[in-house]
2 protein chains.
Amino acid sequence: MSHSEIRNMEEFAAISGISRPTVSKYFHDPNSVRKSTRMRIEAALEKYDYRPNIYAMNQNRKLTKNIGIVVPYLADPFFGEIVRMIEGRCIEAGFTPSLFSSHGDQAHENDILDSLRSMKPAGVLLAPLGRQSDKTAIETFCKHVPTVLFDSNIEGMGEAFVGSDNHSFVSQTVEYLSRTGESPCFFEMKTPANPNANKRRIAYLSMMERLGLEPHVIKIDGTGWGFEEIGRQGGLKILAEKSLPTNTVLCSNDRLAIGFLAACYESGVRVGRAPGCELRVASHDDHPFSRFTCPSLTTAAHDYNAVSDHSVETLFRLIESGGRFENRTESLFPARLIMRESA
Amino acid sequence: MSHSEIRNMEEFAAISGISRPTVSKYFHDPNSVRKSTRMRIEAALEKYDYRPNIYAMNQNRKLTKNIGIVVPYLADPFFGEIVRMIEGRCIEAGFTPSLFSSHGDQAHENDILDSLRSMKPAGVLLAPLGRQSDKTAIETFCKHVPTVLFDSNIEGMGEAFVGSDNHSFVSQTVEYLSRTGESPCFFEMKTPANPNANKRRIAYLSMMERLGLEPHVIKIDGTGWGFEEIGRQGGLKILAEKSLPTNTVLCSNDRLAIGFLAACYESGVRVGRAPGCELRVASHDDHPFSRFTCPSLTTAAHDYNAVSDHSVETLFRLIESGGRFENRTESLFPARLIMRESA
DNA sequence: TAGTAAAATTTACGCGGGTAAAATTATGAT
DNA sequence: ATCATAATTTTACCCGCGTAAATTTTACTA
């Protein structure tokens with residue numbers, strides 16, 4: 001039975017027959033006290049379910065054991081997966097992750113950075129909105145809080161960036177598609193939310209040039225983070241116009257592709273590499289749902305594990321280095337081509 | 001230029017020429033101080049970007065302005081959407097939401113409840129794992145923290161439950177399907193993660209009985225939260241066996257249906273209500289992706305807005321009532337049938 | 001313009017724990 | 001057993017803010 005009359009560390013220390021500061025040390029690192037002391041404290045913990053007041057603990061700490069994790073859009077399961085991995089690593093290392101989603105909104109992102117600052121986190125893993133981000137706000141934030149950017153790079157901000165190598169993504173898909181059929185046209189949003197999109201377009205163009213093929217970029221309308229619907233509308237329009245320059249479409253990302261595939265289905269266009277199909281569709285990201293599209297989506301996969309692991313490790317190194325690196329590093333991980341039925 | 005030499009509220013108060021407790025009042029509620037005072041403080045805030053230490057603020061507060069939000073599985077965009085709405089409402093009301101995902105793991109759920117307790121939140125909105133939840137842990141938690149359960153009910157726990165009326169979901173789909181074609185069989189996991197699944201099966205059985213139709217429940221193998229893959233594997237098996245009792249399949253939830261549709265596509269089974277289709281498929285939830293399946297999925301939609309609004313409002317009432325209600329209430333919102341192409 | 005209630009501000013004290021420096025205890029070689 | 005040294009524990013003081021009670025100011029009535 002737990003007699004929870006214990007109100008504070010003072011009382012708990014008294015009951016376990018140890019001075020409060022020693023108990024305090026114990027809670028910061030159980031191995032920093034003598035074994036006999038540790039055992040007495042742990043015996044007392046069994047009887048009285050005391051836990052230190054985290055607010056009092058953090059009040060005087062220059063920096064806490066918290067780690068902030070910020071993603072741009074949590075309704076995208078891609079980020080759900082990343083978050084799960086990152087949270088796990090942080091907890092293993094004895095940190096307390098706090099999760100935030102900007103929900104695709106600049107003002108919200110800024111608010112998050114604001115409350116994050118008052119949280120005095122040991123460090124922050126920030127996947128910014130990208131084009132919609134308030135660069136000044138992010139820059140200011142990074143000056144005050146040790147920050148590692150991930151997923152979406154903003155030139156010069158944060159102490160490091162960890163993400164995927166967009167060129168690796170696109171070169172693999174373009175090479176594969178060109179080798180096995182007509183060369184691909186590139187399907188993307190006119191005003192992409194994210195700098196990765198620009199890098200992918202550039203990679204497409206340079207890859208096509210290298211292969212001596214004529215590039216075709218199809219830019220569709222739409223703003224915001226509802227990529228599937230944007231891809232669907234764009235797809236419906238293009239299919240109705242029959243304006244596709246080739247029978248192979250390479251989408252900038254899987255969410256657009258999911259919408260585009262829906263448009264194909266609605267328009268009665270058979271997609272796939274099987275005989276009898278009119279169109280091949282491929283994409284990038286290996287979105288959690290891409291294996292369940294109809295047909296299943298050929299795509300270039302992020303190395304989820306490598307990106308999350310390396311982000312977290314980089315942040316830990318940053319924290320140990322006192323919050324600053326000599327010079328900003330960018331770590332890019334290559335893609336892995338996932339061949340499925342759509343191309 | 002912001003001269004951020006300000007270290008604490010004392011210094012900030014001195015510089016703005018006001019006593020510290022008055023400044024404290026201001027930060028608690030800007031309208032609680034005289035207008036002239038408020039303007040002086042805000043003028044000072046412009047010059048010196050001081051922000052109160054949240055840890056010191058919360059240390060002495062009996063209950064903070066924090067609200068905990070816990071969902072079972074954040075890689076499911078359904079919860080991403082819900083979270084977005086709930087967070088918005090909390091911020092509007094001047095609370096600070098803290099988001100947690102159990103990631104489908106009991107130990108993780110318990111850890112979250114643990115750190116949530118030491119956070120002294122004003123209240124918690126908890127969507128439990130369901131069958132996998134540690135009932136004892138949740139019960140203990142609810143005794144200490146004002147909690148409203150949502151999405152997934154656990155009998156008697158929390159001060160209230162807000163969710164969807166499973167009977168409304170299933171009765172509408174069953175009625176529609178039976179009226180427009182063959183009566184549906186019910187497709188579900190053998191050991192569902194979530195109590196809603198059981199309620200849906202029961203609703204299916206009772207509805208079929210009421211309509212004088214013979215019920216068929218198909219139970220497929222698989223555990224965990226990868227519902228799409230479970231639905232796909234189950235679908236492939238059943239389609240290979242050709243053991244479907246009717247040409248109409250009603251899936252327990254959209255994520256299973258997404259997998260089932262993928263299995264149909266792979267097996268060459270044409271799905272839809274259009275002529276020439278062999279199979280009709282419908283489901284429940286109106287998952288964010290259900291409009292992008294091929295064919296688009298006929299489903300019963302949650303009233304996302306009503307559920308999130310009412311959850312939050314219930315929690316606010318609970319907080320104002322001092323954390324306890326006279327008796328536990330359960331609020332269930334009806335579904336809206338969304339007719340798309342799959343059935 | 002005085003008088004008074006209401007609002008705002010200040011005084012004074014406490015909260016729960018961090019942490020440097022002092023005091024104590026354990027370790028181990030002589 | 002002794003003494004030096006390292007490892008632990010305790011002493012003592014501080015942090016940054018909340019808040020009840022006392023005081024002052026403001027607003028309003030007569």
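Note that the coordinates shown come from a computational prediction; the quantities given were computed from them, not determined experimentally. Letters A, B, ... are given to chains in the order of the sequence lines, protein chains preceding strands, and every chain is numbered from 1.
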Looking at [X] and [Y], does any basic side-chain N land under 4.0 Å from a carboxylate oxygen?
| X | Y | result |
| --- | --- | --- |
| B/Arg38 | B/Asp29 | no |
| B/Arg324 | B/Glu159 | yes |
| B/Glu81 | B/Arg84 | yes |

Any side-chain N or O of [X] less than 4.0 Å from the OP1 or OP2 oxygen of [N]?
| X | N | answer |
| --- | --- | --- |
| A/Ser24 | C/dG18 | yes |
| A/Asn53 | C/dG16 | no |
| B/Thr22 | C/dT10 | yes |

Next item on the list: Can you sort out the partners of B/Glu313 under side chain to side chain contact (heavy atoms under 4.5 Å, CB included), two or more places apart, ordered by chain and number?
Entry: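 Counting only residues at least two positions away or on another chain, B/Glu313 forms a side chain to side chain contact (heavy atoms under 4.5 Å, CB included) with B/Asp309.
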
Checklist line | Set of side chain to side chain contact (heavy atoms under 4.5 Å, CB included) partners for B/Pro21, sequence neighbours left out | finding: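 Only B/Ser19 meet the side chain to side chain contact (heavy atoms under 4.5 Å, CB included) criterion with B/Pro21.
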
[X] [atom1] - [N] [atom2] separation (whole Å):
| X | N | atom1 | atom2 | value |
| --- | --- | --- | --- | --- |
| B/Ile41 | C/dA8 | CD1 | C1' | 12 Å |
| A/Ile54 | C/dG18 | CD1 | P | 12 Å |
| A/Arg7 | C/dG17 | CZ | C1' | 16 Å |
| B/Glu10 | C/dT10 | CD | P | 12 Å |
| B/Asn58 | C/dG17 | CG | P | 14 Å |
| B/Ile18 | C/dT11 | CD1 | C1' | 17 Å |
| B/Arg20 | C/dA12 | CZ | P | 13 Å |
| A/Lys120 | C/dG17 | NZ | C1' | 14 Å |

Notebook entry, point to check: Closest to the B/Thr37 side chain: C/dA8, C/dG16, C/dT19?
Noted result: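 In terms of side-chain proximity for B/Thr37, the closest of C/dA8, C/dG16, C/dT19 is C/dA8.
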
Margin query: Using a heavy-atom cut-off of 4.0 Å across all strands, would you classify B/Tyr50 as base, sugar-phosphate, or nothing?
Written below: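 Sugar-phosphate contact only - B/Tyr50 comes under 4.0 Å of backbone atoms but never of a base.
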
Next item on the list: Please work out if A/His28 contacts a base, only the sugar-phosphate, or nothing of the nucleic acid, heavy-atom cut-off 4.0 Å.
Entry: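 Contact class for A/His28: sugar-phosphate only.
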
Next item on the list: Kindly give the heavy-atom pair with the smallest separation between B/Arg89 and B/Asn305, and that separation in Å.
Entry: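 Where B/Arg89 meets B/Asn305 most closely, the heavy atoms are NH2-OD1, 3.4 Å.
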
Next item on the list: Side-chain contact test, heavy atoms from C-beta onward, threshold under 4.5 Å: evaluate it for A/Thr329 versus A/Phe161 and give yes or no.
Entry: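 The answer is no, as the side chains (C-beta and beyond) never meet within the 4.5 Å cut-off.
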
Checklist line | Of A/Pro21 and A/Arg34, the one whose closest DNA chain D nucleotide lies more 5' | finding: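 In this pair, the answer is A/Arg34.
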
Note to self: Quick check for you: name the first and last nucleotides of DNA chain D, 5' to 3', having an atom under 4.0 Å from a heavy atom of chain B.
What the structure shows: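 Going 5' to 3' along DNA chain D, contacts run D/dG16 to D/dT26.
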
